[in-house]
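Just so you know, ligand 1 is whichever comes first in the structure, and atom 1 is the first atom listed for that ligand. None of the values given here were measured: they were computed from a predicted structure.
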Amino acid sequence: MNKHLQLYGQSLSLLTDLYQLTMAYGYWKSGTAEKEAVFNLFFRKNPFGGGYTVAAGLEQAIDFIENFRFSEEDTAYLRTLTGSDGQPLFEAAFLDYLQELRFTGEVDAIPEGTVVFPQEPLLRVRGPILQCQILETPLLNLINFQSLIATKAARIKQVTKGEPVLEFGLRRAQGMDGGVTASRAAYIGGADATSNVLAGRLFGIPVKGTHAHSWVMSFDSEEEAFETYAEVLPNNCIFLVDTFDTLEGVKKAIETGKKLEAKGYKLGGIRLDSGDLAYFSIEARKLLDAAGFKDAAIVASNDLDENIIQSLKDQGATINVWGVGTKLVTAYDQPALGGVYKLAAMRNDKDDEWEYKIKLSEQTIKISTPGIQQVRRYRNANGFIADMIYNTEGFQKKEEEIMIDPMDYTKRRKLDNATPHEDLLVPVFREGKLVYNLPEIQDVKKRVEDQLSGFHESIRRFVNPHLYPVGLEKGLYDFKTDLILKLRKFNGK
Ligand SMILES: Nc1ncnc2c1ncn2[C@@H]1O[C@H](COP(=O)(O)OP(=O)(O)OP(=O)(O)O)[C@@H](O)[C@H]1O
Ligand SMILES: O=P(O)(O)OC[C@H]1O[C@H](OP(=O)(O)OP(=O)(O)O)[C@H](O)[C@@H]1O
Ligand SMILES: O=C(O)c1cccnc1
């Protein structure tokens, strides 16, 4: 099966903002297209007011870069674009150049499933500036969305305390690819299965499901609906009990369950989809237990999210499988992760040295950090303790590092290089060739669990989570500060 990213049967190299192509034309025309540049992809704030983010989407980003090429049809379309004077936007020789273009640069990235924090480069792209530039929009699209959904799923799984989460979102997802990639990211972040069959086939995610109200409504009675379902699918019986009267529905599911048992099958459980889910789950559990169906699951669905699930748990709900759709796959309370992609260094023509780049802003948080960045994560016996962002160029390992909070220079921390640490970004592309072994999706999922258990639980708190320490290595901090002062033409002492 061709699993490459496609939409409407088209390859996706045109899936970029026009301005990337007009800038690319500008680089080409002015002779700077091949100048070596470095861009860092990072975000500034954890989503959902939370204390962490789960990185996801790298596999699709890799696929995009590997298959990045403009076809004849693509350039034929670009040929039709015109400027304000009605003349073509791009000259023919540039479009010929685009057609030959392949990614020849380097990518380093933090593996999917890693817990990451604001300011940390999730991805670093290095190569001819024209190539790096064109990749900005698709890379952001791919990483922002999946990281957002994986984070939402991790939050949901956090409150179910290990109880299975079924992702039911496809029908209300943001379009078709939104549905497919949300299922993938939700699985990585914590969902145990999806109802989305295409996502199951594409990514090897377990597919699961119950049945809808329409099944029950299509029969003369609820009994007949359950019995018929049990005859056809005796190995997949979770009955939706709330079409008419929830507790009466539970009793009918129990009757069908007894017949299933007599035939050597098991009642999988029931699903509640309306009303007071705490009350109905408690009452349903009593009925099921009294009838000897102690193992039968109580699945609940209906606009669930981590807050409602937490509330249901606090009320003693006996739900043990959580069907979560809309609010998971649309990241209902925060529709986007604000990841950005910033130029951080360019090779100087004169001496071939790096010239560091920085974007100034009135808001400190929006001032970008220069450098060919790497993230070093330190741990002690209790878990992860701090992440230090440093510039790999000219970096000399010392016995001890000083890291400084980029938002507050008085917040500093000494990090002993004798304690265990790991550099998070790993090589993904070298000279345009993939050098990274993509992990299996199950391993990515496992990584999320392992990573989350490595952090102090206070970063997982929903209300005022603890801010995990992320800082700039002192050399990089000082360098950035000097650059800001220079750009602001501050010559004083
Ligand atoms: N005990 C509970 N505590 C907190 N929230 C609950 C509880 N029971 C259900 N909910 C949530 O409250 C909302 C109920 O919404 P709504 O009133 O639209 O549902 P409903 O009464 O089941 O009707 P509908 O059939 O239209 O879904 C859902 O988001 C549901 O998950
Ligand atoms: O509520 P979500 O988290 O999105 O979970 C998926 C919902 O989709 C189905 O409902 P359906 O499309 O039949 O609509 P309804 O239950 O709102 O009537 C299912 O019964 C869930 O309620
Ligand atoms: O299988 C289910 O129960 C299901 C699937 C999609 C949406 N809601 C429920």
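Neither the backbone nor the side chain of E167 comes within 4.0 Å of ligand 2, counting heavy atoms alone. Looking at K327 against ligand 2, nothing comes within 4.0 Å, counting heavy atoms. Only the backbone of N302 comes within 4.0 Å of ligand 2, judged by heavy-atom distances.
Set against the non-hydrogen atoms of D303, the atoms of ligand 2 under 4.0 Å away are 1 (O), 2 (P), 3 (O). Distances below 4.0 Å separate heavy atoms of G325 from the following atoms of ligand 2: 2 (P), 3 (O), 4 (O), 5 (O). Listed by atom number, the atoms of ligand 2 under 4.0 Å from T326 heavy atoms are 2 (P), 3 (O), 4 (O).
Because its NZ or CZ atom is both nearer than 6.0 Å to the ring centre of F462 and within 45° of the ring axis, R155 counts as a cation-pi partner of that residue. For K252 and F239, the positive end is not near the middle of the six-membered ring at less than 6.0 Å and at most 45° from its axis.
Ring orientation note: the planes of Y378 and H421 are tilted relative to one another, at an angle of 30° to 60°. Between Y229 and W215, the two ring planes are perpendicular [angle over 60°; tilted spans 30° to 60°].
Salt bridge K445/D443: absent, no basic N to carboxylate O contact under 4.0 Å. Using a 4.0 Å cut-off between charged side-chain N and carboxylate O, D192 and K208 make no salt bridge. E306 and K157 are not joined by a salt bridge, as no carboxylate oxygen comes within less than 4.0 angstrom of a charged side-chain nitrogen. For the pair D303 and K327, the salt-bridge criterion is not met [side-chain N within less than 4.0 Å of a carboxylate O]. The pair R126-D108 does not count as a salt bridge, with every side-chain nitrogen at least 4.0 angstrom from each carboxylate oxygen.
If you check which protein heavy atom lies closest to atom 17 (O) of ligand 2, you get R172 NH2, 3.9 Å. Residue, atom and distance of the protein heavy atom nearest to atom 13 (O) of ligand 2 are R171 NH1, 3.8 Å. Counting protein heavy atoms only, atom 16 (O) of ligand 2 is closest to D273 OD2, 3.1 Å.
Residue E261 places its CD atom among more than 12 non-hydrogen atoms of other residues, nucleotides or ligands, all under 6.0 Å distant. For F244, the CZ atom counts as densely surrounded, since its 6.0 Å shell holds more than 12 non-hydrogen atoms of other residues, nucleotides or ligands.
At least one side-chain heavy atom of K258 sits under 4.5 Å from a side-chain heavy atom of F293.
Closest heavy-atom contact between L139 and A61: CD2-CB, 3.7 Å. Between V426 and P111, the shortest heavy-atom contact is CG2-CG, 4.1 Å.
Interatomic distance, CD1 of I319 versus OG of S281, reported as 4.5 Å (0.5 Å rounding).
Under the 4.0 angstrom criterion, atom 20 (O) of ligand 2 counts as having a protein heavy-atom contact.
Within 4.0 Å of ligand 1, contacts by protein heavy atoms are made from S274, G275, D276, L277, A278, N302, D303, L304, I308, S311, L312, Q315. Near ligand 3, heavy-atom contacts under 4.0 Å come from F168, R171, S195, G209, T210, R271.
Ligand 2 has R271 within reach: a non-hydrogen atom of the residue lies less than 4.0 Å from it.
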